[in-house]
Amino acid sequence: MDYTNLIAGSWENTSDGCANVNPSDIPDVIGMAALSETADMDRAVASARTAAADWAQATPQMRFDVLDFIGSEILARQAELGQLLSREEGKTLPEGIGEAARAGQIFKFFAGECLRQTGDRLASVRPGVEVDVTRAPVGVVGLITPWNFPIAIPAWKIAPALAYGNAVVLKPAELTPGCAWALAEIISRSGLPEGVFNIVFGKGASVGQHLVDHPDVDAVSFTGSVPTGRAIAAACAKTLKKVQLEMGGKNPMVVLDDADLDLAVAACLNGAFFSTGQRCTASSRLIVTEGIHDRFVAALTTAMQGLKVGNALEAGIQMGPVVDARQLEQNLSYLKIAADEGGTVIGGERLTLAQEGFYMAPALVSETSNDMRINREEVFGPVASVLRARDYDEALALANDSAFGLSAGICTTSLKQASHFKANAEAGMVMVNLPTAGVDYHVPFGGSKGSSYGAREQGSYAAEFYTRVKTAYTLP
Ligand code: UN1
């Protein structure tokens, strides 16, 4: 087995394994990942529980040194890790290297946060009494991460978990075990005491579920689909765990008549199709006002059809393959549904290239209405739809008419409308003249409505989830 579990400081094999397939070149099997059983998860949780007490007492300097080591090594190896990422996930090499660098920067940020943990001291309402409000670690946290950001998302959950003094059990996505293992291997040499970080490979339905149900886990952070998120929240309620969910998006990008057309096309091209559209923040509903609609659709169609689709590792490729056969089927079936519902589908063909991979052309579906399934449900592929709006007010209403609320964008040169949109878009993140996807690593990430549940991730706001507040009263 190439990607083995790390439990209580030991690398452990399992009898069964799962192949890590390159979506750009299906015969290329990158490695074999452990396929764990619930007993492996039990030992990982027990290991985290045993190690949690000492790590909760570790000094800020000890924590800083561990996180800084991890961040430095990831940054130094970003080209190699980015290559592995692109090979197993299918995003282009520049995107893979960029994501690896982001993971390194996240560890560096949280290394700094180790030294900046503060509390409050207040005067009591009772004479002579002092009140201290501090943050304590939650304990053992279970992290369940998706395949689409196979190093950055584990990083933005592990780094704050460790920085705030928690022990970790990570269950990474089955489709992308390579990056998760590489990260675990770096962590294993970082000086972190054994057992504080554990990784268990396997299926969500078995070991992932077991982690979520486990009575000895105090909190669960999950990024993935809405149905799984809902089931996790319900399971966590049974054992009263803290829970943090990052789920889907159906992110609107409003393009107003006064927009800079080139900038709007570039923002939508990036937001909709980069990373093969496999981002919960993807710009998937392009809401365009009458005066610019036809020019915008024509320009975006030309730009989209100019994208070079191919093997993620080849130089000059602008869009890699879809992650696997199931996702490809889902994307193609959504295009069929959109056409059946009356949309005009441009592009979206299954592509046969020199190498056997899960390739498709990017697709735009024009002339859609907001009640069509293509505008209600997340596709998670290189597919964007276009909706016509009479004016800004109708565009805003359409943008907000969604079960999701992760990210919302607007392209305009009007300060007045940009400001109004920032205040009134029902989304956790709002972008003006920028793609809905592609976020900074040092500020909070998350949405409203069906997109997110629980405290925000990233930046110093991550403390909210990875700590519990303690209020102490002293009569000296
Ligand atoms: C980004 O847009 O830079 O799963 C990050 C996702 C998100 C991350 C998006 N949690 O796509």
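Just so you know, ligand 1 is whichever comes first in the structure, and atom 1 is the first atom listed for that ligand. Scope of the values below: all heavy atoms of this structure, side chains included, with no hydrogens, waters or symmetry mates. For reference, positions follow the sequence shown, starting with 1.
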Should you measure from each heavy atom of F149, which atoms of ligand 1 turn up under 4.0 Å away?
5 (C), 6 (C), 8 (C), 9 (C), 11 (O)

For atom 5 (C) of ligand 1, tell me which residue out of E246, R102, Q278 has the closest non-hydrogen atom.
R102

Side chain, backbone, both or neither: which part of W156 has a heavy atom under 4.0 Å from ligand 1?
side chain

Donor-acceptor pair, D258 side chain versus T413 backbone, under 3.5 Å?
yes

Non-hydrogen atom of I153 closer than 4.0 Å to ligand 1
yes

Ranked by distance from atom 2 (O) of ligand 1, the top protein heavy atom is T281 OG1, 2.5 Å

Does the ring center of W156 lie less than 6.0 Å from the ring center of F445?
yes

Considering only heavy atoms of N148, which atoms of ligand 1 have at least one such atom less than 4.0 Å away?
4 (O), 6 (C), 11 (O)

Near A437 (heavy-atom distance under 4.0 Å), the atoms of ligand 1 are 2 (O)

I need the nearest protein heavy-atom contact for atom 1 (C) of ligand 1: residue, atom name and distance, please.
G438 N, 3.4 Å

Between the main-chain N or O of M32 and the side-chain N or O of D2, is there a donor-acceptor pair closer than 3.5 Å?
yes

In this structure, are over 12 heavy atoms from other groups packed under 6.0 Å from R376 atom CZ?
yes

Short question: side chain of K157, backbone of T145 - any donor-acceptor pair under 3.5 Å?
no

Out of all atoms in ligand 1, which are within 4.0 Å of some heavy atom of R279? Include the element for each.
11 (O)

Below 30° counts as parallel, above 60° as perpendicular, anything between as tilted: where do the rings of W181 and Y3 land?
tilted

Among all protein heavy atoms in this structure, tell me which lies nearest to atom 7 (C) of ligand 1, with the distance rounded to 0.1 Å.
C280 SG, 2.6 Å

K242 charged N/C atom sitting above Y466 aromatic ring, 6.0 Å / 45°:
no

Stepwise, does the side chain to side chain contact (heavy atoms under 4.5 Å, CB included) test hold for V379 with S284?
CA-CA 8 Å; V379 177; S284 51; over 6 Å; no

Going by the 4.0 angstrom heavy-atom rule, the piece of E457 near ligand 1 is neither

